[in-house]
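For reference, the structure is listed below as structure tokens.
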Amino acid sequence: MTVAAGIGYTLLALGPSLSLFIAVIAKKPFLILTLLSSTLVWLISLIVLSGLWRAFLPFKTASLWPYALIILTSVAFQEALRPLFWRIYKRLEDMLDAVADRVSKPRLFITDKMQIALAGGMGHGVAHAVFFCLSLLTPSFGPGTYYMEKCSQMSFFLVSAIIALAFVTIHTLSMVIAFNGYAEGNKVDQYIVPVIHLIAAMLTLINLAHGGCIISIPLLYGMAVVTLGHCGKMVWTKLAENRSRQGSSY
Amino acid sequence: MDQNRKPRSILETLGEELVRIITPVSICMLLVVILVTVLNTHSEGSSIGPSFTTIATIAYSESSSDSIWDKLKGALLNSLVFVAVITVVTFLLVLLFYFRCTKFLKYYMGFSSFLVLGFMGGEIALFLIRDFGFPVDCVTFVIILFNFTVVGVFAVFMSKMAIFVTQAYLVVIGMLVAYWFTLLPEWTTWVLLVAMALYDLAAVLLPGGPLKLLVELAISRDEDIPALVYEARPVINSDSSPTGDVLQRRVWTERRNTGSALDENSDARPNFNPNTSPVTNSNTTPGTYLSVGSGENEINLVNAEEGQVFRGDSELAAPLIQHRINVRMNSEEDASPSENFALEGIGLGSSGAIKLGLGDFIFYSVLVGRAAMYDFMTVYACYLAIIAGLGATLILLAFCRKALPALPVSIMLGCKSMPSLPPGMAKTWPKPELKLGHTGPNCKDLRPA
């Protein structure tokens, strides 16, 4: 209802990303390019997935398992892309270091590498938010609102914005965790990311039940907080050991 | 270096030129999308633009009752006429440039900006006023419009304006022209875009192409092409020699040896040796549009020439320099144009700005604006496709080191991403029956994930 509400819902889903963008990413053009390319890759992966699943849709049954199957395959596909990302990133890192040497500038700092991972993850998150939330928000700019009967406490737009926010957080931070896991060969980090993604996606299936969103949204946010905590701890330890190794302040 | 400050990493400056050209392109596209959504939804009932006759619809005027085959044929005919007119005008331009009628071309550019800003801008402003009901009277409106237009003409025409003002006005001109193009009938628009992409390809790469001739003339004479070209702010603005030309010239940095051009790296030298650096890779696509003045049948031929000048660097695609021909400050080098490569360094900020012709702005925005008439998701996908195409073109340029057209890759990617979206998205969400106001619900189909 009204432009203010539409903008409000948009900012609800994308507000933290916007502030993160302005604070961290906007200053470094390379990160902007990373963000754009990861958004593009996410988009392409979704297009491929929807192309694959098109033959089977729409589902006639009311049972859960077809949806679960879609989610499973989608998450599997997107997580399979992550090691690919990692390999591309490794090559990019080598190129960047070579360039840095040539122009006699310092090589990539550890914070730089994490920032690249952050930008990549945020690209995924923003793409998710745009697809699954912003594309629905167009009617909300007009004079009306919409409620779903299965989740009648909040308007449909609010629910999708809140869910999108949780997913943006998860995606943004997963990339950082995953890259760190690949860099150090830490199996826990490497596997926790697909697991989190899968659990979060499956949690949304609860939405299909009546009143399900009351349960699934707090759980989703629990997952987001878990991701946040894990990522924070990992970054903290990494920076601390880096600092002690270098003996200088960064 | 400062011990207390963290040394600047390479991440902070890499890719800066690319971002500086992507930003105005994105802004232009965003403005066109906003205009399209605002003006089209508000006048859903009433007939929006006039059923105007432009050169692009002169052959066939589409109506919704025609069959698909008829529409396709008509659209093809329209596009052929349009491309033919553009080719003729480009050759005319080459001819004029050959006879050194540069002043005439510059005045013409100013005149065309005046028309675009004054008449097209005025009409769009009138649409907006009508739709939103702004209380403004005629006299005020005319005065404001006139001032706006005149400042715009000076910004484009004379070089002494602040860069930001010039850039803003160029983006506005691109936006206005693009909006008018989106008013064309649907099939015509799509076929026209593809036709322009093909024309661009042909005109730049074929040996007899008008744009190739223009570029070679400009190189051999060491002159600027008088055109509406967007020039991104250079990374470091140093030593630009003041000239009286229309577009800012960047004095170039050091020379390199021809052979080692590819693996030469950037300097550590603090000062720049300006030398001649001609345009090595440039490509101009003139875009011509004809419009009918409101009500009357006069056809104003406006020639907005578009040019894209590139220069690739060997290191990473990111640092792309733009060459501008400029004043010889040192007469020591007399190298032939093709040998003079400007040096560019990542991070150390030797200046260089990318130029993108206004026609590229226009056609990208037309594609996105057209997509905006369908759905927001298509806009998003087309936007990403166009940006990816632009990036790919620049990277390709860095490898090819020849003049390359900017339109084809982006337009092809954009057109390809269009139909893949609406039917592709999974339809598992129940369609809401509610109609919300008159914005037309697009609570389409989505996945519950």
Side-chain angles (χ1 to χ4, degrees), chain A residues 1 27-33 36-37 39-40 43 46-47 49-51 53-54 57-59 66-67 70-71 74 95-96 99-100 102-109 111-112 115-116 127 130-132 134-146 148 156 167 201 204-205 207-208 250, chain B residues 4 6-20 22-23 37 41 263 265-268 315-316 318 345-348 375-377 380-381 384-385 387-388 391 417 420-421 423-430 432 434-449:
Chain A
M1 23 188 213
K27 298 200 182 87
K28 310 199 173 179
F30 188 75
L31 296 179
I32 300 181
L33 295 174
L36 281 175
S37 20
T39 314
L40 184 68
L43 171 71
L46 282 181
I47 291 182
L49 276 172
S50 61
W53 273 102
R54 210 168 126 187
L57 296 167
F59 287 140
Y67 300 115
I70 288 189
I71 292 185
S74 318
M95 278 202 305
L96 285 176
V99 161
R102 253 192 289 173
V103 299
S104 39
K105 277 209 155 190
R107 296 188 150 209
L108 287 178
F109 301 121
T111 47
D112 286 337
Q115 278 175 352
I116 295 182
V130 168
F131 261 86
F132 293 113
L134 289 194
S135 61
L136 308 171
L137 284 186
T138 323
S140 71
F141 282 88
T145 186
Y146 181 63
M148 300 285 300
F156 168 66
F167 269 103
T204 59
L205 282 177
N207 286 330
L208 289 177
Y250 273 125
Chain B
N4 303 332
K6 185 169 144 179
R8 287 165 64 90
S9 93
I10 194 178
L11 222 51
E12 300 192 11
T13 44
L14 201 58
E16 186 151 4
E17 288 106 352
L18 196 58
V19 168
R20 279 186 201 218
I22 286 182
T23 313
T37 43
T41 50
D263 43 13
N265 78 331
S266 93
D267 58 283
E315 306 182 291
L316 278 183
I346 307 170
L348 288 182
D375 193 6
F376 177 68
M377 283 330 302
Y380 184 61
L384 284 179
I387 299 284
S417 78
S420 69
L421 269 192
M425 283 297 151
K427 298 178 181 326
T428 54
W429 200 261
L434 202 67
K435 290 245 186 274
L436 303 173
H438 56 61
T439 55
N442 255 333
C443 277
K444 263 167 55 130
D445 321 290
L446 53 117
R447 272 202 332 233

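In this text, all values refer to a predicted model and were calculated from it rather than measured experimentally. Order of the sequence lines fixes the chain letters, A, B, ..., with proteins taken first and strands second; residue numbering starts at 1 for each chain.
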Query raised in the report: Given the rule in the side-chain contact (heavy atoms from CB on, under 4.5 Å) test, do B:I387 and A:L40 qualify, once you have shown the distances and angles that lead to the verdict?
Result: CA-CA 9 Å; B:I387 299 284; A:L40 184 68; over 6 Å; no
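Only the side chain of A:I32 has a heavy atom closer than 4.5 Å to any heavy atom of chain B.
The side chain to side chain contact (heavy atoms under 4.5 Å, CB included) test with B:M377 singles out one residue from A:V130, A:L43, A:L134, and that residue is A:V130.
Contact count versus chain B (heavy atoms, under 4.5 Å) is highest, among A:I116, A:L137, A:T39, for A:T39.
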